[in-house]
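Side chains are part of it too, since the values below use all heavy atoms of this structure and drop only hydrogens, waters and symmetry mates. Predicted model, so just to flag it, every value in this text is computed and none were measured.
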Amino acid sequence: MKSEKIICPVDRTLNLINKKWSIQIIRDMFFGKKHFKEFLEDKPNLSNKVLSNCLKELEENGLIEKRVLNTTPVSTEYHLTEYGKSMNRIVYELAMFTLEDEKDKGYSDETRAALKNTFKETLKIDD
């Protein structure tokens with residue numbers, strides 16, 4: 001019997017989103033970002049080339065799908081796949097890591113509560 005090489009599940013997940021901007025792009029799609037230019041508008045340090053490569057890799061990994069629309073001019077939309085949507089808990093927990101840290105003084109209590117609710121609703125997190 002041939003032994004199977006076991007790769008840590010954390011490593012396998014991180015390999016899906018290993019590009020610098022991947023998790024931010026996935027997060028944005030939960031909030032409705034879909035067009036190429038919309039990703040760039042919110043991220044001035046993100047170049048066209050890096051975004052293009054990141055979107056291609058996320059698509060190859062089955063997390064997003066690219067839809068070319070028959071419009072003039074041609075338009076492209078990016079959507080989370082069901083597999084991509086299953087990352088909702090990961091994105092939520094990343095946000096909560098800071099929002100639930102009482103030592104983090106980066107947010108007022110009111111802002112912290114509003115952000116928690118927004119992430120919970122947008123990412124469709126059940127208690």
Side-chain angles (χ1 to χ4, degrees):
M1 180 189 313
K2 188 176 181 181
S3 69
E4 176 184 5
K5 182 179 179 184
I6 304 296
I7 299 171
C8 174
V10 172
D11 290 345
R12 288 179 61 117
T13 300
L14 290 175
N15 284 335
L16 292 173
I17 55 172
N18 67 356
K19 295 280 187 220
K20 180 178 179 182
W21 294 95
S22 295
I23 200 71
Q24 292 96 327
I25 289 169
I26 290 168
R27 178 213 48 215
D28 286 354
M29 282 195 256
F30 277 107
F31 285 90
K33 295 286 186 178
K34 296 177 182 163
H35 297 278
F36 190 91
K37 67 179 181 170
E38 290 176 302
F39 295 115
L40 295 172
E41 289 169 356
D42 290 340
K43 296 166 188 58
N45 296 329
L46 177 58
S47 72
N48 284 347
K49 181 178 179 181
V50 170
L51 176 58
S52 180
N53 288 339
C54 191
L55 289 169
K56 184 182 289 186
E57 185 171 296
L58 290 170
E59 185 179 14
E60 288 171 358
N61 288 332
L63 295 167
I64 67 170
E65 68 177 351
K66 176 180 172 180
R67 296 180 190 162
V68 179
L69 306 177
N70 190 16
T71 59
T72 305
V74 173
S75 181
T76 304
E77 288 183 342
Y78 296 90
H79 298 266
L80 287 173
T81 62
E82 288 304 312
Y83 187 46
K85 289 176 186 176
S86 72
M87 294 198 73
N88 66 333
R89 180 56 78 175
I90 294 169
V91 175
Y92 179 76
E93 292 300 334
L94 284 170
M96 293 307 108
F97 180 78
T98 297
L99 293 175
E100 292 180 353
D101 180 4
E102 297 302 322
K103 295 176 287 197
D104 185 323
K105 304 298 182 200
Y107 304 101
S108 69
D109 290 343
E110 184 177 288
T111 299
R112 188 181 306 271
L115 285 169
K116 282 182 180 183
N117 286 336
T118 298
F119 272 93
K120 189 172 185 177
E121 290 172 11
T122 302
L123 300 173
K124 297 176 177 41
I125 301 296
D126 298 322
D127 284 329

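- Ion pair K19/E57 flagged as a salt bridge, since at least one NZ, NE, NH1 or NH2 atom sits closer than 4.0 Å to an Asp/Glu carboxylate oxygen.
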* Asked: Passes side-chain contact (heavy atoms from CB on, under 4.5 Å), F97 versus D101? Steps please.
  -> CA-CA 6 Å; F97 180 78; D101 180 4; 5.9 Å; no
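- Under the 4.5 Å side-chain criterion, counting only non-hydrogen atoms from C-beta, K116 is in contact with E100.
- Distance check: M96 CE to L115 CG gives 7.5 Å after rounding to the nearest 0.5 Å.
- For the pair N45 and W21, the minimum side-chain heavy-atom distance is below 4.5 Å.
- Proximity of a side-chain donor or acceptor of N15 to a complementary backbone N or O of D11 within less than 3.5 Å is detected.
- Of the possible donor and acceptor atoms, none in the side chain of T122 sits under 3.5 Å from a partner among the backbone N and O of F31.
- Y78 is listed as a side-chain neighbour of F39, based on a closest heavy-atom distance under 4.5 Å.
- The salt bridge (Lys or Arg N to Asp or Glu O under 4.0 Å) pairs that include a residue from residues 70-84 are E82-K85, where partners are two or more places apart or lie in different chains.
- Atom CD1 of I26 sits about 7.5 Å away from atom SG of C54, to the nearest 0.5 Å.
- Within a 6.0 Å sphere centred on CZ of F36, other residues, nucleotides and ligands contribute more than 12 heavy atoms.
- With hydrogens and angles disregarded, a donor-acceptor distance shorter than 3.5 Å links the side chain of R112 to the backbone of T98.
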* To do: Before giving the answer on side-chain contact (heavy atoms from CB on, under 4.5 Å), spell out for D42 and K33 the whole-Å C-alpha distance, their side-chain angles and the decisive distance to 0.1 Å.
  => CA-CA 10 Å; D42 290 340; K33 295 286 186 178; 2.5 Å; yes
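- A donor-acceptor pair is defined here as one N or O able to donate and one able to accept, closer than 3.5 Å; no such pair exists between the side chain of S52 and the backbone of K49.
- Annotation for L123 and N88: closest pair O-ND2, 2.7 Å, computed over non-hydrogen atoms.
- The closest donor-acceptor contact from the side chain of H35 to the backbone of T76 lies under 3.5 Å.
- For the pair T13 and I90, the minimum side-chain heavy-atom distance is below 4.5 Å.
- Between L51 and K43, every side-chain heavy-atom pair lies at or beyond the 4.5 Å cut-off.
- Contact check for M29 versus H79: no side-chain heavy atoms found under the 4.5 Å cut-off.
- At a threshold of 4.0 Å, the pair E93-R89 counts as salt-bridged, since one of the basic side-chain nitrogens sits closer than that to a carboxylate oxygen.
- For the atom pair CG of L94 and CD of Q24, the computed distance is 9.5 Å after rounding to the nearest 0.5 Å.
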* To do: Assess whether side-chain contact (heavy atoms from CB on, under 4.5 Å) is satisfied between I17 and L63, documenting all intermediate values.
  => CA-CA 9 Å; I17 55 172; L63 295 167; 4.0 Å; yes
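- Other residues, nucleotides and ligands place more than 12 heavy atoms under 6.0 Å from the CD atom of E41.
- Within the 4.5 Å cutoff, side-chain heavy atoms of Y107 are placed close to those of L99.
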* To do: Start with the C-alpha gap between F119 and I125, add the side-chain angles, then the distance that decides, and say whether side-chain contact (heavy atoms from CB on, under 4.5 Å) holds.
  => CA-CA 8 Å; F119 272 93; I125 301 296; over 6 Å; no
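- Taking CD1 of I23 as the reference point, atom CG of N18 lies at 11.5 Å (rounded to 0.5 Å).
- The hydrophobic cluster containing I64 does not contain L69, counting ILVMFWY residues as joined when their side-chain heavy atoms lie under 4.5 angstrom apart, directly or transitively.
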